[in-house]
**Student:** 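Dropping a structure here in structure tokens format, bear with me for questions.
Atoms within each ligand, like the ligands themselves, are counted from 1 in listed order. One-based numbering along the sequence shown.
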Amino acid sequence: MSADGQRSLTRSTAAALAAAIVAGDVTALEVTNAHLARIDEVDPAVHAFLYIDHEGARAQAAAIDAKIAAGEPVGPLAGVPVALKDIFTQVGIPTTAGSRILEGWRPPYDSGVVDRLREAGCVILGKTNMDEFAMGSSTEHSGYGPTHNPWDLERIPGGSGGGSAAAVAAYEAPLAVGTDTGGSIRQPGAVTGTVGVKPTYGGVSRYGLIALASSLDQAGPVARTVMDAALLHAAIGGHDARDSTSIAQPVPDVVGAAHKADVRGLKIGLVRQLMGEGYQAGVSQRFDEAVEILRELGAEVVEVSCPNFEYALAAYYLILPSEASSNLARFDGMRFGLRAGDDGDANVEQVMSATRAAGFGDEVKRRIMLGTYALSSGYYDAYYGQAQKVRTLVANDFAAAFDQVDVLLSPTTPTTAFKFGEKLADPVAMYLNDIATIPVNLAGNCAMSLPIGLAPEDGLPVGLQIMAPAMADDRMYNVGSALEAALVNRWGHHLIEEAPAL
Ligand code: GLN
């Protein structure tokens, strides 16, 4: 295929690719090959992927083409390539969760998300890089080296799902699936100029998702447009009996809402606690401008107060390590991946200890220790118990706010993408990236990050967060789509098209 042909396929939206493939204008194999060629070309610099499944992706694409040629029914995203965060199991494909402790492990079963992707007809290109066990905001905690932000290769792509966001931003894939436990879809979305959505907790199956903090973990879509995110959300969402917290209701009509794109008469609340002090000037400026656009589009904008959000970060960094310390106990050198110190004489405890010492990185060890401490007898009530009370207060703040307004807005992150190494030595500085994203995870409702422009001081993307009540995911797609249309109309293109060519 010509370079122009390849370029136009990799620049297409998922919606356009799906339509072209089913109409026979292009084959799924051509689309897959164009993306694989793009990955081979730019991924040495970006390092979004931990594993590229050239052969498997081509076989999936050829199978879709055969079905279309035979006139058999195909799924709504037939032939559309997708990148998968390396935290989801996929039969026979190396799955590491960014950790050396899982190096060489090939899962014997598909995750719920992979099942849904296959039903939708998606072609899975490979596995994307992430902070180890999804702990981090920069991918610098990956056991396999960081991912680079396509806007500036010296900067972080966010985390933990920096690989998924960078793959989409660098046109290596039109779609990616991430997971968001405290912001790992939305924060990378914000700093790479892509759309990232954390669905309502229970909205997408956690079956086969390697657990970080089970009461917070949620899979969701990454895309370059709101409509593409909606299409992927609809494809992966819905009930799965194998996940005990899966919601037994259909996914709200997110695609219909993305088509609607009408905010007239909608009531929008700006969260006082998630604005102003501590936010980069250019982030606040773009945020204010976006709010003004929504006003012009006919929304009513008010300020609301969620006083307990001030304590959300602290509560999260007790609840998450507590759950993680329990979940990660399964990595013991006996069942999966790495086994160290097994010299024939060593006892079980010595092998476990050597395996964990060699296989886990510093951030993972830090959180296991924090969590074990927070759960230990004598401290349980003071730390874990208190944090759970704060969690309830945060949920109450959301409930009170949603009595007054339809959606809530804030900047997604306090700053644009920072440079490698800037926050690595200071865990609390790293944790503060999630100040605006964490309340939603604690309460279990849904949120989207949408690119709204470049910060004037550094020319880097800024994200706006739209938060909606649980099972009102459609609402944030309606608002996101309306704002995106107004911005694209103003700029004459999507923001991502301003990213420097790689
Ligand atoms: N940065 C957050 C953390 O380190 C978010 C993690 C996530 O959403 N997986 O915990």
**Student:** Any donor-acceptor pair under 3.5 Å linking the side chain of Asp86 with the backbone of Lys127?
**Tutor:** no
**Student:** Under the rule for side chain to side chain donor-acceptor pair (under 3.5 Å), what residues qualify as partners of Tyr51, not counting sequence neighbours?
**Tutor:** none
**Student:** Under 3.5 Å, which donor-acceptor pairs do the side chains of residues 161-179 form with other protein atoms, sequence neighbours left out?
**Tutor:**
{"unit_1": "Ser164", "atom_1": "OG", "unit_2": "Thr128", "atom_2": "OG1", "d": "2.9"}
{"unit_1": "Ser164", "atom_1": "OG", "unit_2": "Val177", "atom_2": "O", "d": "3.3"}
{"unit_1": "Thr179", "atom_1": "OG1", "unit_2": "Lys85", "atom_2": "NZ", "d": "2.7"}

**Student:** Considering only heavy atoms, which protein residues lie less than 4.0 Å from any atom of ligand 1?
**Tutor:** Ala134, Met135, Gly136, Ser137, Ser160, Asp180, Thr181, Gly182, Gly183, Ser184, Leu212, Tyr316, Tyr317, Leu320, Arg367, Asp434
**Student:** With sequence neighbours excluded, give me every salt bridge (Lys or Arg N to Asp or Glu O under 4.0 Å) pair touching residues 388-398.
**Tutor:**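 Qualifying pairs, neighbours excluded: none.
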**Student:** For Ser214 and Glu323, test the side chains for any donor-to-acceptor distance below 3.5 angstrom and give the result as yes or no.
**Tutor:** no
**Student:** Have Glu132 and Ser99 got a donor and an acceptor in their side chains that come within less than 3.5 Å?
**Tutor:**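 Yes, side-chain donor-acceptor contact under 3.5 Å.
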